[in-house]
Amino acid sequence: MTDAKTEPLLSVRDLVVEFPTRRGVLRALDRVSFDIMPGEVLGMVGESGAGKSITGASIIGLIEPPGRIASGEIRLKGERIDTLGPEAMRRVRGRRIGMVFQDPLTSLNPLYTVAQQLTETIRTHIDISKGEARKRAIALLDRVGIPAAARRIDDYPHHFSGGMRQRVVIALALCAEPELVIADEPTTALDVSVQSQIIEVLKDICAERGAAVMLITHDMGVIAETADRVAVLYAGRMAEIGPVRDVITEALHPYTAGLMGSIPTLTQETDRLVQIPGAMPRLHAIPQGCAFNPRCERAFAPCRETRPDLISREGGRDVACWLYDPARTGELRDA
Amino acid sequence: MIAFIIRRLIQSIIVMVAVAAVSFALFRFVGDPINSMVGQEASIDDRQALRDSLGLNDPIITQFGRFIGNALQGEFGISYRLQMPVTELIMQRLPATLELALVSGTLAFITGLGLGVYTALRRRGVLSNVIMTGSLIGVSLPTFLIGVLLIWVFAVELRWLPSNGRGEVVSIGSWWSTGFLTTSGRLALILPAITLGLYQMTLIMRLVRAELLEVLRSDFIKFARARGLSARAVNFGHALKNTLVPVITITGLQLGSIIAFAIITETVFNWPGVGALFISSVRFVDVPVMSAYLMMIALIFVIINLIVDLLYYAVDPRLRVDRAAHSH
């Protein structure tokens with residue numbers, strides 16, 4: 001789908017994640033496919049319950065039971081990681097894939113100092129002395145923007161503000177130098193005033209180290225500023241994926257278009273923000289055909305019958321919409 | 001920190017004064033102390049003389065002041081029944097109770113913690129379910145029944161362990177006698193210690209399990225796993241330590257209860273401790289012993305609470321607020 005010359009760092013193919021419940025098996029993710037290139041920032045957007053966090057959790061192998069990967073595969077540099085045993089997967093976590101969670105206030109163990117948590121993580125993955133690990137930890141805290149890092153490192157998490165704690169969390173996610181960082185809503189729990197700083201730190205430090213980022217968020221503004229490409233999830237399915245500028249300026253999928261229309265801007269004259277009628281379907285009541293068809297203004301016959309697969313378009317864009325299938329649309333084709 | 005300790009000490013003193021008031025009221029108003037001390041043939045004049053000599057005609061507040069003054073010096077009067085100083089009587093029997101409480105408390109804490117951790121980590125395992133079901137028995141069976149059952153099985157049927165008493169004891173110093181140093185003393189401890197500790201053990205086990213399951217769901221455990229820390233480091237280093245504050249609280253309070261509720265176990269096993277002394281003093285309305293026992297149990301609870309509060313500080317850095325104040 002993207003540049004054929006470089007091999008993707010992470011490759012997710014037809015990923016299906018299911019949760020068995022009393023009312024039957026729920027498909028939280030349904031044949032989701034995407035790639036992340038080395039050093040790339042991929043934004044992952046969608047409404048609550050669209051499957052963004054589940055995607056992150058399944059990559060790192062921490063889906064809450066009884067959820068499980070039912071089919072599909074996840075490859076890191078060509079090697080399958082979804083089938084690794086617990087011990088092998090543990091060595092991937094932290095070392096090759098780092099993770100940043102949403103709430104910095106609850107992400108850190110309150111009973112250990114920042115130094116203890118950092119050196120423990122570093123020494124779990126890298127065979128160095130305590131003193132060496134501490135030096136690295138201080139340098140990293142300094143890099144993520146903790147003032148007086150050498151002194152503050154021996155403080156406990158409760159000594160830090162929310163923004164500072166998220167910097168510590170980023171340091172913890174990056175301390176074993178992973179190739180990919182999954183950031184699951186890293187700024188949602190923070191003050192607006194520090195959100196952009198945190199995103200900035202995360203982006204810069206990953207760029208320096210050549211680490212790719214999968215940025216999960218529902219904030220399109222953050223995606224627009226940060227991501228190289230953006231993937232749009234809807235009801236556990238990939239709706240559209242492509243370079244962030246193209247997707248924002250000229251969305252292909254009607255859902256993406258609606259999503260973009262709902263962002264307030266200061267520069268453009270808009271009387272009303274566009275609103276998508278209805279709500280995303282619950283996982284046990286996903287309509288036949290395209291999951292978006294009951295809410296879609298441009299839906300036509302095939303949308304109600306058959307689910308569209310991702311169709312490749314020029315410019316490294318993919319969209320799962322029958323509007324872009326010439327065989328189906330004929331005269332409707334106007335995009 | 002210092003201010004906190006002083007505050008807690010003052011609270012402790014208030015508690016002790018309140019208990020002393022109850023204890024004094026018991027001493028003074030439950031029955032007529034004179035009646036309990038003299039025989040039926042004593043004349044009214046004799047009684048009045050004794051009343052005067054004991055200061056029972058003084059104003060109540062004076063009597064209470066005297067009671068507290070005496071209590072501070074460990075002076076609780078003479079046992080009506082045994083005609084011995086109450087303090088001496090309690091001191092003679094305290095080692096037996098304290099040793100029993102210590103052994104059963106340690107047993108309850110260690111096995112409770114171990115089983116709690118096991119059942120939390122292997123939540124769906126067969127053995128965990130067996131343990132959890134078994135613990136219901138431990139919670140619901142009354143202590144005396146457990147004691148009698150144990151005696152029946154291990155002392156009467158199997159004849160492995162003695163059914164009552166402390167076995168041989170060795171004196172250490174002027175007033176401490178220990179059963180730890182002789183084989184018969186150690187054997188005699190087993191059944192009463194299990195009987196006394198079983199309820200506490202199941203309580204601690206269920207608490208540890210519930211707390212650990214709660215902590216294992218928390219974000220920082222998810223994050224610790226996502227950093228690739230080993231299961232051992234996550235479960236024991238990160239999760240278990242976070243369950244300690246509530247577990248310490250309950251264990252501390254339970255240690256107090258173990259000493260206080262040793263009464264039943266001591267009666268079943270004919271254990272020569274303060275609990276058995278208390279029961280016999282109730283039977284004979286030996287009020288000085290009762291009120292002294294009440295004071296002693298209150299003091300033990302207060303001391304344990306104080307230690308528990310100090311342990312919080314050792315475990316949870318968030319309580320050490322003094323440092324946070326000037327680091328922001």
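In what follows, every chain begins at residue 1, and chains take the letters A, B, ... in the order their sequences are listed.
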Asker: For each of A/Thr113, A/Ile60, A/Leu62, A/Leu105, tally heavy-atom pairs with chain B at distances under 4.5 Å, and name the one with the top tally.
Answerer: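 Most heavy-atom pairs under 4.5 Å with chain B: A/Leu62.
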Asker: Do you know which of A/Leu108, A/Ile97, A/Val92, A/Leu172 has the most heavy-atom pairs under 4.5 Å to chain B?
Answerer: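 Highest number of heavy-atom pairs under 4.5 Å: A/Leu172.
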Asker: Relative to chain A, which segment of B/Val215 carries a heavy atom at a distance below 4.5 Å: side chain, backbone, both, or neither?
Answerer: neither
Asker: Check this for me, if you would: do A/Asp142 and A/Arg152 make a salt bridge, where the nitrogen-to-carboxylate-oxygen distance has to be below 4.0 angstrom?
Answerer: no
Asker: List the steps and the verdict of side chain to side chain donor-acceptor pair (under 3.5 Å) for B/Trp271 and B/Glu99.
Answerer: CA-CA 11 Å; B/Trp271 190 262; B/Glu99 283 187 357; over 6 Å; no
Asker: Is it the side chain or the backbone of A/Glu87 that comes within 4.5 Å of chain B heavy atoms, both, or neither?
Answerer: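 A/Glu87 has no heavy atom closer than 4.5 Å to chain B.
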Asker: Hey, are B/Glu266 and B/Thr97 close enough side-chain-wise for a donor-acceptor pair under 3.5 Å?
Answerer: yes
Asker: Any donor-acceptor pair under 3.5 Å linking the side chain of A/Gln195 with the backbone of A/Thr187?
Answerer: yes
Asker: Please rank A/Thr124, A/Val100, A/Val169, A/Asp103 by heavy-atom pairs under 4.5 Å with chain B and give me the top one.
Answerer: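 Looking at each option in turn, the highest pair count goes to A/Val169.
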Asker: Any idea which of B/Leu229, B/Val315, B/Asp316, B/Ile221 has the most non-hydrogen atom pairs under 4.5 angstrom with chain A?
Answerer: B/Leu229
Asker: Taking NZ, NE, NH1 and NH2 as the nitrogens, is one of them in A/Glu132 or A/Arg136 under 4.0 Å from a carboxylate oxygen of the other?
Answerer: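 No, no charged N to carboxylate O under 4.0 Å.
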Asker: Pick one of side chain, backbone, both or neither for A/Gln102, based on which atoms fall under 4.5 Å of a heavy atom in chain B.
Answerer: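 Contact with chain B is absent: no heavy atom of A/Gln102 under 4.5 Å.
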Asker: Are there over 12 heavy-atom neighbours, none belonging to B/Phe220, within less than 6.0 Å of that residue's CZ?
Answerer: yes
Asker: With a 4.5 Å cut-off on heavy-atom pairs, point out which of B/Ala231, B/Gly228, B/Gly237, B/Ser230 contacts chain A the most.
Answerer: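 Answer, by heavy-atom pair count under 4.5 Å with chain A: B/Gly228.
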